[in-house]
Trainee: 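One structure is given below, represented as structure tokens, and several questions about it will come after.
A note on names: the letters A, B, ... follow the listed sequences, proteins ahead of strands, and every chain is numbered from 1.
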Amino acid sequence: MNRDMDRQKEFSRRAMMLGGGKVLLFGTLALRLGWLEIAEHGKYQMLSNENSIGIRLLPARRGVIMDRFGAPLAVNKPDFRAVIVPEQADNVAATIARFSRLIPLSDEEIADILADVRRHRRFAPVLVKENLSWEDMAKVEVNLPDLSGVSVEQGEMRSYPLGRDAAHVIGYVGRVSKAEMTNDPAMTLPGFRIGKTGIEKQYDKILRGTVGEVQDEVNVVGREIRELKRTEGTPGKRLTLTLDSDLQMQSHGFLTKHRSAAVVVMDVHNGDVYALASHPSYDPNVFSAGIPADLWESLLSDPASPLTDKATAGQYPPGSTFKIVTALAGLESGKITAATHINCPGYYKLGRSVFHCWKHAGHGNIDVVAAIRESCDVFFYETAQRTGIDAIAKMARRMGLGQRLDFDLPDVASGLIPTKAWKERRTGRPWEKGETLIAGIGQGYVLATPLQLATMASRVANGGYAVFPTLLRAIGETEKTPPPPARIGLDPAHIALVRKGMEEVVNDPRGTAYDVRITTPPYSMAGKTGTAQVRRTTAKMRAEHISVFKLPWKFRDHALFVGYGPVHKPAYAAAAIVEHGIEGDYSAAPIVRDVLLAAMKRDPRLIRTVDEAEHDSDKKEKGGT
Amino acid sequence: MNTGRGIGQDSLSIPEKLRLISWPLLLLVTLTACVGFASLYSAAGGHMAPWASKQAVRFIFGLCGLVAVALIDIRFWMKMSYPLYALGILLLVYVDIRGHIGMGAQRWISLGFLELQPSEVVKITTVMALARCFHAATPEDVKNPVFLLWPLFLVALPAGLVAIQPDLGTALTIAIVAGGIFFLAGVPYWMFGTVIALGLAALPVLWHFMHGYQKKRILVFMHPELDPLGAGYHIMQSKIALGSGGVFGKGFLHGSQSHLDFLPEKQTDFIFTLFAEEWGLVGGLTLMGLFMSIIAYGYFIALNCQSQYARLLGLGVIVNFFVYIFINIGMVMGLLPVVGVPLPLVSYGGTAMLSVLFGFGLLMSAHVHRDVKFTRRGLDPA
């Protein structure tokens with residue numbers, strides 16, 4: 001009996017130990033539960049929501065782009081596309097292979113589709129082929145029974161009515177690259193496109209709008225169970241540009257006879273850019289559908305660089321067009337006056353160096369107006385020498401050169417206006433006097449873009465107001481109202497002298513561009529020629545009188561021209577560059593003349609003056625008789 | 001010791017026995033089972049079918065069985081211990097052989113109304129056999145390693161047969177429960193110390209012989225991020241469900257993790273998660289409180305039994321009950337590796353429910369016949 005009592009006591013003692021162990025273990029469980037449900041509640045709440053809330057995006061319509069009169073520049077046109085829902089396909093790869101027999105797909109495309117299928121959930125449609133023609137669509141529709149999981153959907157494709165005429169301004173859209181990825185949920189939409197260049201890139205965020213979002217409760221395989229929340233997106237805003245699409249097309253047309261050229265036309269008073277064209281160009285419609293690799297390669301390797309907007313991103317030595325700046329710098333600093341006469345023997349000696357005038361015989365004793373008219377180099381060597389490089393640089397900046405203009409395109413170059421400090425910083429060597437001379441005629445270090453040169457011409461034409469070029473007129477219904485341009489602070493008499501010179505360049509028989517004058521009154525223009533040396537003229541060439549025309553194309557000089565019109569009440573200014581086009585008056589000047597004439601003819605304000613002018617001349621004739 | 005009711009307790013009438021049944025324990029068991037019904041109702045998205053209704057019917061049958069078992073004299077159960085143990089082993093051998101000869105690795109025998117899982121049966125019959133064995137042992141016997149070979153064999157046989165099914169989790173729990181009974185029977189501490197030390201030493205060897213998927217489970221348990229979409233996925237989703245429940249839960253029928261199928265096996269192994277997601281910390285602790293009460297009640301009953309067999313059987317049933325609860329809840333909370341162990345009384349499953357209720361029937365029988373005394377050898381009063 002005692003033994004059994006002992007046994008019971010031992011049992012009770014051990015049962016208590018075991019019970020204590022259980023209490024401890026249960027306590028551990030309770031603490032763990034408390035930890036999960038209190039301390040880590042926030043974290044797991046979030047994970048639970050991530051699990052069960054699926055987000056579906058509602059694409060936002062891309063904003064359209066219009067010209068100043070409301071003509072379309074970039075629109076969305078309905079596009080038919082084939083998509084495949086992997087869940088509904090018996091065998092995705094086999095279906096795609098059958099599809100490819102109807103509408104050929106490249107191996108690359110097939111690989112992309114299959115990669116997309118793997119990436120997306122099984123019920124999400126994956127793009128197979130966009131931009132189907134009616135014929136292709138019919139082929140697909142008829143064969144749908146053999147293409148399990150495939151369906152035809154309507155989407156939208158960007159379309160550019162002006163095509164290559166405005167490619168550099170409007171730009172194009174394309175698939176998002178890795179570098180362009182942001183946290184905008186729109187990026188994840190299949191077939192989403194982003195602005196790649198031009199206005200499409202510059203104002204991409206405005207054009208893109210914001211995607212809407214539907215939050216669905218989804219189960220473990222991602223199928224929607226019910227809609228929890230819906231946020232409508234906002235479509236992208238419409239952009240109205242300052243461009244005039246007819247003038248844009250004409251402007252581009254004027255360039256096409258050259259191998260590589262660019263032109264800008266702008267309003268001298270408010271800076272509205274009416275046309276901005278660069279040649280050669282490319283068809284943005286092909287780009288928005290997806291650029292074929294071989295086309296892309298050929299565009300990249302073309303020495304005439306069709307992908308570059310030469311009007312804003314091309315930087316050229318401005319050549320003699322820069323004499324406008326040198327003249328103003330000399331006049332404003334008082335180093336020369338209207339009465340200053342400088343003798344041009346055809347060369348200029350500085351120390352042991354000799355600087356030549358383009359006219360070997362020399363211009364004789366001439367003043368500033370004649371020097372501009374005949375583009376005398378010696379006059380401006382002397383003026384530059386007297387004025388000094390830093391004063392010239394300061395004037396260049398006031399005229400809009402040497403700075404990155406705050407323009408509405410993504411690819412805008414700043415050009416270069418050298419100063420003494422710049423050169424020392426850049427090369428570590430001091431500025432040399434001869435370099436001032438070279439800079440004074442727009443050679444050497446000096447670089448400018450056609451957009452900057454048009455701005456310079458505008459500032460001369462408008463009587464000294466710091467106008468800035470602009471492309472954007474309105475975002476949606478909101479008109480852009482830039483502040484009226486400030487005065488640069490130039491003596492009107494000095495501007496008048498320069499304008500007189502520019503008028504005579506075109507309208508005086510001694511002018512360097514007399515051949516391209518406008519002969520249809522009352523239209524008129526003034527301007528300045530320029531030649532940018534690509535290669536230094538050697539003594540040998542000078543001695544042998546080698547004609548530039550005999551040089552290979554890429555060694556020929558660039559031709560430039562800046563101008564404005566009409567002469568007395570300027571409305572438009574333009575600048576043109578013809579790469580390797582030899583002399584301004586041979587190639588660039590006719591472009592500016594044609595563009596300005598077209599702009600003036602389209603201007604209703606000027607048409608009235610034409611009527612008045614005709615009225616006036618009628619009266620004169622009557623008076624005469 | 002010999003109270004008036006001592007010997008001759010067999011003469012107790014059925015109504016007297018019914019009066020002696022501990023009704024509060026039955027109430028606690030029924031409440032716990034009701035938590036199960038509610039959870040199964042929720043798991044089916046607010047429907048009785050397919051789980052809750054079946055489970056309720058089984059529970060009612062099981063409860064009647066429990067009472068019937070309780071009314072049968074504890075000495076009868078002692079007599080039946082070895083035969084029932086043998087039956088359990090035979091069933092195990094049957095499914096093992098059937099699985100081996102190519103009828104698939106089924107772990108159950110279909111009885112029409114029930115898919116009988118022999119591994120659930122042997123859990124209880126092994127406890128019975130061990131209680132029977134230790135009842136007959138003197139305090140000297142239990143200190144004698146040679147004597148202990150027999151109970152060790154009683155454990156090793158079912159554990160081994162279950163392990164080759166292969167169901168390592170259940171085999172391990174059988175071993176752990178048996179360890180508890182050995183402990184209660186008075187096996188010296190140093191032997192436990194030795195076995196534990198040897199076990200730890202043998203771990204690398206065991207690791208070497210483990211199946212690939214078993215190794216993976218353990219690795220994933222220690223680093224769930226190794227396999228977010230495989231084995232670790234279940235535990236991660238379970239932790240998300242528990243954690244997102246918070247203090248008061250997402251509300252009945254509103255457990256998003258369970259209802260959207262992120263939670264695997266929500267009606268069986270992960271039912272605690274489902275319950276705690278919907279009822280929060282409060283619900284989880286309440287359910288654990290119910291379990292604790294049942295266990296405490298079991299202790300109370302076992303400690304008041306006059307015979308070693310009744311005591312060992314009663315606490316054996318309770319230890320078994322506890323081990324399952326602990327492993328299941330520990331697993332769903334990420335404290336233990338994933339082993340397919342149901343939550344007693346709550347998880348959907350016929351055999352498990354019936355075997356748990358049968359165990360409680362035995363416990364109750366021990367309670368009803370608590371003052372019955374018998375010799376070490378058997379049935380005659382001392």
Trainee: So with a 6.0 Å cut-off around CZ of Phe300(B), is the heavy-atom count from everything else above 12?
Mentor: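 No.
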
Trainee: Quick check for you: to the nearest 0.5 Å, what is the distance between Leu303(B) atom CG and Met16(A) atom CE?
Mentor: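 The CE atom of Met16(A) is 5.5 Å from CG of Leu303(B), to the nearest 0.5 Å.
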
Trainee: So which part of Ala185(B) gets closer than 4.5 Å to some heavy atom of chain A, the side chain, the backbone, both or neither?
Mentor: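 Looking at Ala185(B), nothing touches chain A.
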
Trainee: Considering all heavy atoms of both residues, which atom of Arg14(A) and which atom of Phe182(B) are nearest to each other, and what is their separation?
Mentor: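 Heavy atoms only, the tightest pair is NH1-O, 4.4 Å.
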
Trainee: Is a side-chain donor or acceptor of Arg32(A) paired with a backbone partner of Met333(B) at a separation under 3.5 angstrom?
Mentor: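 Yes, Arg32(A) side chain to Met333(B) backbone: donor-acceptor pair under 3.5 Å.
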
Trainee: So, the side chain of Glu10(A) versus the backbone of Gly186(B): is there a donor-acceptor pair under 3.5 Å, distance only?
Mentor: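 Judged by distance alone, no pair lies under 3.5 Å.
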
Trainee: Rounded to the nearest 0.5 Å, how far apart are CG of Leu33(A) and CZ of Phe272(B)?
Mentor: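 Atom-to-atom, Leu33(A):CG and Phe272(B):CZ are 5.0 Å apart.
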
Trainee: Main chain of His135(B), side chain of Arg7(A): is a donor-acceptor contact present, judged purely on distance under 3.5 Å?
Mentor: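 Answer holds: yes.
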
Trainee: Can you tell which part of Met17(A) gets under 4.5 Å to a heavy atom of chain B, answering side chain, backbone, both or neither?
Mentor: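 Looking at Met17(A), just its side chain touches chain B.
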
Trainee: Please output the side-chain donor-acceptor pairs of residues 244-251 of chain B that fall under 3.5 Å, not counting sequence neighbours, one pair per line with the distance.
Mentor:
| from | atom 1 | to | atom 2 | distance (Å) |
| --- | --- | --- | --- | --- |
| Ser244(B) | OG | Ile240(B) | O | 2.7 |
| Ser244(B) | OG | Ala241(B) | O | 3.1 |
| Ser244(B) | OG | Lys250(B) | NZ | 2.9 |
| Lys250(B) | NZ | Ser48(A) | OG | 3.0 |
| Lys250(B) | NZ | Ser256(B) | OG | 3.1 |
| Lys250(B) | NZ | Glu277(B) | OE2 | 2.7 |

Trainee: Tell me, do Leu281(B) and His41(A) make a side-chain contact under 4.5 Å, heavy atoms counted?
Mentor: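 No; the side chains remain at least 4.5 Å from each other.
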
Trainee: What part of Ile295(B) gets within 4.5 angstrom of chain A, counting heavy atoms only: side chain, backbone, both, or neither?
Mentor: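 Side chain of Ile295(B) only, per the 4.5 Å heavy-atom cut-off to chain A.
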
Trainee: If I compare all heavy atoms of Leu242(B) with all of Glu37(A), which pair ends up nearest, and what's the gap?
Mentor: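 The answer is O-OE2, 2.6 Å.
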
Trainee: Checking heavy atoms, do the side chain of Phe322(B), its backbone, both or neither come under 4.5 Å from chain A?
Mentor: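 The answer is the side chain of Phe322(B).
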
Trainee: Contact part of Val319(B) toward chain A, heavy-atom cut-off under 4.5 Å: side chain, backbone, both or neither?
Mentor: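 Val319(B) touches chain A through backbone and side-chain heavy atoms alike.
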
Trainee: Report, one line per pair, each donor and acceptor closer than 3.5 Å where one atom sits in a side chain of residues 18-28 of chain A; sequence neighbours left out.
Mentor:
| from | atom 1 | to | atom 2 | distance (Å) |
| --- | --- | --- | --- | --- |
| Lys22(A) | NZ | Tyr299(B) | OH | 2.9 |
| Thr28(A) | OG1 | Leu24(A) | O | 2.9 |

